[in-house]
Asks: 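What follows is a single structure, and I will ask about it in a moment.
Chain A is the first sequence line, chain B the second, and so forth, proteins listed ahead of strands; every chain is numbered from 1.
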Protein chains: 2
Amino acid sequence: MATSDLSSDSLDFGILHDLIGYRLRRTQLVFFNRFAEACTDLGISPGLFGVLVLVSRNPGRTQTAIAQALGNDRSAMVAAVDKLEKMDLVERRPSLNDRRSYALYLTEHGETFYQTIENRVREHEQGLESLLEPGEKDLLIDMLARLCQAGRNGGV
Amino acid sequence: MATSDLSSDSLDFGILHDLIGYRLRRTQLVFFNRFAEACTDLGISPGLFGVLVLVSRNPGRTQTAIAQALGNDRSAMVAAVDKLEKMDLVERRPSLNDRRSYALYLTEHGETFYQTIENRVREHEQGLESLLEPGEKDLLIDMLARLCQAGRNGGV
DNA sequence: TATTGTTATACTCTATAACTATA
DNA sequence: TATAGTTATAGAGTATAACAATA
C-alpha cells in the first residue's frame, strides 16, 4: 500500500471543528466512555448515577419527579429503578398521601455504596479536569449551563 | 394537591451540577434537538451532516476513512451512505487502485444541497452562540478539544 | 378528567462478529 | 494474512401510546 493514496493522512474537517454541537458530541462520548471504564465494575452507568444522586439528595420523591429533573420520560425510570432495586441500592416505599406513586429512598447499603461511587466519580472528574487550566472548569460549566437554556424555549 | 408535598419544587442536584460529563450530556441533547428542528425538513441528522462535511472537503475518500475520522465503526457508514445516495447527495465510485473500496463524492445536486444545509447549520450555530459572550466560543471549543484528547489514550 | 406507574413498542445510535471479495 | 464493504444482530438509550389504579 502506497502512502500516496487517500486513505491514511488526516482529513479536513471544515466547519465541523468550529461547531459547538459537534465538539460537544465528541467530548461527551469521551466522558461517557471514561465514566464506563471507571464505574463498570460497580454496574452503574452515567444515567443510573444521575438517579442515585437525585434520590440521595432528595429522598422521598416520586419516580416522575426524578425523571422530570433528569429530563427523561417517566417510562424510562421503571427499568432504572428496577435495576437499582435489584442491586439493593434504592427502594420503593408506598407514598403516604398518594397511593398511585412510590417514594424513592436509598437503602442502607445504597447509602454506603453511594459514598463509594461518588468518590470514584470525583476522582474520574478530577482526572479529566486536569486537562483544563485552573479556573477554566467553572467557566466551562457556566457556559454549558447558559447553552442549555436554549432547550427551555423555542427561541434563542 | 397541596404544594407542601414533595412533587413540585425544584430538586437538589448535588454533585451533578458540578460534573462536566453531566453538563455535556444535557447540553449536547439541547444542541441535538435544536439541530433536528432546524434541519428535519432537509432529512439530515447531525450524524449525516458530519458525513456530508467530510465528503465535501475530502472527495474521493473511502467509507472507512470517513468513519474513522468521525469516530464511528465502518459498519455504521453503510446505512448512512445508502441514505445519502438515495437522496442523490453522495455517490459511490469504484476506487481506481483498490477494487475492494469505494471513493465517495458529492453529486452535483449534493454540492448545491450542501451549501444550503451548511448555511442552515451556520445560522443554527450563531443562534446558540448568541448565548455566549464575545470570544467565549473560541475558548469553549478549545476546552472541549483538550478534554477530547483524553479519549486518545487511557491515562489522564 | 388528570396523573402515577407500568407495559408494549419502536426508533435511533452504536458496537461486534462473520461473510465476500479483494489485497 | 489482512483489509473494505456488507450483513445480521444485539445492546443501550429514548420516546410514544395505552392501560389500571388512583386522584
Asks: Sequence neighbours left out, what passes salt bridge (charged side-chain N to carboxylate O under 4.0 Å, His left out) with A:Asp82? Give chain and number order.
Replies: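 For A:Asp82, the residues satisfying salt bridge (charged side-chain N to carboxylate O under 4.0 Å, His left out) (neighbours in sequence not counted) are A:Arg92.
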Asks: If the cut-off is 4.0 Å, is A:Ser101 near the phosphate of D:dT22, judged by side-chain N/O to OP1 or OP2?
Replies: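 The answer is no; no side-chain N or O of A:Ser101 sits under 4.0 Å from OP1 or OP2.
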Asks: Counting side-chain heavy atoms from CB outward, which of C:dT6, D:dG13, D:dG5 is closest to B:Gln63?
Replies: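 Of the candidates, D:dG5 comes closest.
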Asks: How are the rings of B:Phe31 and B:His124 set to each other: parallel, tilted or perpendicular (split at 30° and 60°)?
Replies: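 The arrangement is perpendicular - the two ring planes meet at more than 60°.
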Asks: For the pair A:Tyr102 and A:Arg93, evaluate side-chain contact (heavy atoms from CB on, under 4.5 Å) and give the outcome as yes or no after the intermediate values.
Replies: CA-CA 5 Å; A:Tyr102 294 114; A:Arg93 296 187 201 163; over 6 Å; no
Asks: Mind calculating the distance between CZ (B:Arg25) and P (C:dC13) to the nearest angstrom?
Replies: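 Interatomic distance, CZ of B:Arg25 to P of C:dC13: 17 Å.
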Asks: If you compare every side-chain N and O of A:Arg92 against the phosphate oxygens of C:dT6 (OP1, OP2), does one of them come in below 4.0 Å?
Replies: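 For C:dT6, OP1/OP2 do have a side-chain N/O of A:Arg92 under 4.0 Å.
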Asks: Can you give the donor-acceptor pairs under 3.5 Å from side chains of residues 137-144 of chain A to other protein atoms, not counting sequence neighbours?
Replies:
{"unit_1": "A:Lys137", "atom_1": "NZ", "unit_2": "A:Glu125", "atom_2": "OE2", "d": "3.2"}
{"unit_1": "A:Lys137", "atom_1": "NZ", "unit_2": "A:Glu129", "atom_2": "OE1", "d": "3.2"}
{"unit_1": "A:Lys137", "atom_1": "NZ", "unit_2": "B:Asp18", "atom_2": "O", "d": "2.7"}
{"unit_1": "A:Asp142", "atom_1": "OD2", "unit_2": "A:Arg146", "atom_2": "NE", "d": "3.3"}
{"unit_1": "A:Asp142", "atom_1": "OD2", "unit_2": "A:Arg146", "atom_2": "NH2", "d": "2.8"}

Asks: Given atom CG of A:Leu48 and atom P of D:dT14, what is their separation to the nearest angstrom?
Replies: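 Going from CG in A:Leu48 over to P in D:dT14 covers 10 Å.
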Asks: In whole angstrom, what separates B:Leu104's CG from D:dA4's P?
Replies: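 Result: 13 Å.
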Asks: Please give, in whole Å, the distance from D:dA23 P to A:Tyr102 OH?
Replies: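 Rounded to the whole Å, the gap is 13 Å.
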Asks: For A:Glu123, what residues pass the side-chain hydrogen bond (donor to acceptor under 3.5 Å, both in side chains) criterion, not counting sequence neighbours?
Replies: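 So A:Glu123 forms no side-chain hydrogen bond (donor to acceptor under 3.5 Å, both in side chains) with any residue.
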Asks: Please table the atom pairs, donor to acceptor, closer than 3.5 Å between any side-chain atom in residues 72-79 of chain A and protein atoms at least two apart or in another chain.
Replies:
{"unit_1": "A:Asp73", "atom_1": "OD2", "unit_2": "A:Ser75", "atom_2": "N", "d": "3.0"}
{"unit_1": "A:Asp73", "atom_1": "OD2", "unit_2": "A:Ser75", "atom_2": "OG", "d": "2.8"}

Asks: Tell me: CZ of A:Arg61 to C1' of C:dG5, nearest whole Å?
Replies: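 From A:Arg61 CZ to C:dG5 C1': 18 Å.
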Asks: Considering only distance and modelled atom types, tabulate donor-acceptor pairs under 3.5 Å from the side chains of residues 45-60 of chain B, sequence neighbours left out.
Replies:
{"unit_1": "B:Ser45", "atom_1": "OG", "unit_2": "B:Leu48", "atom_2": "N", "d": "3.3"}
{"unit_1": "B:Arg57", "atom_1": "NE", "unit_2": "A:Asp12", "atom_2": "OD2", "d": "3.0"}
{"unit_1": "B:Arg57", "atom_1": "NH2", "unit_2": "A:Asp12", "atom_2": "OD2", "d": "3.0"}
{"unit_1": "B:Asn58", "atom_1": "OD1", "unit_2": "A:Asp12", "atom_2": "N", "d": "2.8"}
{"unit_1": "B:Asn58", "atom_1": "ND2", "unit_2": "A:Asp12", "atom_2": "O", "d": "2.8"}
{"unit_1": "B:Asn58", "atom_1": "ND2", "unit_2": "B:Leu54", "atom_2": "O", "d": "2.9"}

Asks: C:dT12 C1' sits how many Å from B:Ile44 CD1, rounded?
Replies: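 Rounding to the nearest Å, CD1 of B:Ile44 and C1' of C:dT12 are 15 Å apart.
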Asks: Given atom CZ of B:Arg26 and atom P of D:dG13, what is their separation to the nearest angstrom?
Replies: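 The distance from CZ of B:Arg26 to P of D:dG13 comes to 15 Å, rounded to the nearest Å.
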Asks: Which parts of nucleotides 15-23 of chain C does protein reach within less than 4.0 Å, heavy atoms only, written one letter per nucleotide 5' to 3' as B for base, S for sugar-phosphate only and - for none?
Replies: SB----BBS
Asks: Would you mind reading off the distance between A:Asp82 atom CG and C:dT7 atom P, rounded to a whole angstrom?
Replies: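 A:Asp82 atom CG is separated from C:dT7 atom P by 7 Å.
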